[in-house]
Amino acid sequence: VFALIVFACLIGDGYISLAEKPRLFCVFNHNEDACRYGIGVGVLAFLACIFFFMVDVYFPQISNTTDRKYLVLADLGFSGLWTFLWFIGFCFLTNQWSWTRAEDVYIVADSARAAITFSFFSIFSWGLLLTFAY
């Protein structure tokens with residue numbers, strides 16, 4: 001759910017334009033990489049959650065212990081990697097937001113702050129998934 005909120009905020013209000021320049025730019029200090037990183041990590045996290053949820057649903061029906069072991073190790077590794085990537089994303093978005101000029105953002109500031117906040121919450125939720133997988 002947190003990944004969905006992060007990439008929805010960035011897709012919906014992450015790009016704005018000024019009246020004098022009709023070109024869209026990222027709200028995070030005009031850094032396109034900040035928006036792309038948040039959207040990319042959020043979309044991939046959301047898709048991975050759907051995949052691992054389906055694995056959890058069918059897990060009792062998998063009789064091969066080797067397949068079960070590899071699925072659990074994949075969940076463990078992916079959760080660990082995504083915990084790290086959410087931490088990097090939180091630091092990157094926060095840094096770029098601190099350098100953003102106040103006159104460049106108006107209404108979209110709430111969406112930017114929500115993306116930062118829920119990327120912070122995602123660190124703990126993916127860390128919890130890592131713990132459960134372990």
Next on the checklist: Could you measure the distance from the CD1 atom of I123 to the OG1 atom of T83? Nearest 0.5 Å is fine.
Outcome noted: 8.5 Å

Item to check | Residues that C35 engages under disulfide (SG to SG under 2.5 Å), provided they are two or more places apart | outcome: C26

Could you tell me if the side chain of [Y] sits less than 4.5 Å from the side chain of [X], heavy atoms only?
| X | Y | result |
| --- | --- | --- |
| W126 | L129 | yes |
| F120 | I116 | no |
| L71 | D75 | no |

Item to check | Step-by-step side-chain contact (heavy atoms from CB on, under 4.5 Å) determination, L10 to F28 | outcome: CA-CA 10 Å; L10 292 176; F28 291 99; 3.4 Å; yes

Checklist entry - Which atom names give the shortest non-hydrogen contact between N29 and T100, and what distance separates them? => result N-OG1, 2.8 Å

Checklist entry - Y37 and I88: side-chain contact (heavy atoms from CB on, under 4.5 Å), yes or no, with the steps? => result CA-CA 10 Å; Y37 185 84; I88 297 297; 3.6 Å; yes

Item to check | Test side-chain contact (heavy atoms from CB on, under 4.5 Å) applied to V27 and Y15, step by step | outcome: CA-CA 6 Å; V27 70; Y15 293 94; over 6 Å; no

Next on the checklist: Tell me whether the rings of F121 and F118 are parallel (<30°), tilted (30 to 60°) or perpendicular (>60°).
Outcome noted: perpendicular

Checklist entry - Which word best sums up how the rings of F25 and H30 line up, parallel for under 30°, tilted for 30 to 60°, or perpendicular for over 60°? => result parallel

Item to check | Residue F59 excluded, over 12 heavy atoms near CZ under 6.0 Å | outcome: yes

Checklist entry - Hey, is CZ on F87 packed in by over 12 heavy atoms from elsewhere, all under 6.0 Å? => result no

Checklist entry - Can you check side-chain contact (heavy atoms from CB on, under 4.5 Å) on V41 and W86, steps first, answer last? => result CA-CA 8 Å; V41 170; W86 278 119; 3.8 Å; yes

Next on the checklist: Check whether S98 reaches the backbone of N95 with its side chain - one donor and one acceptor, N or O, closer than 3.5 Å.
Outcome noted: yes

Checklist entry - Among the clusters formed by ILVMFWY side chains lying less than 4.5 Å apart, do L85 and L128 turn up in the same one? => result no

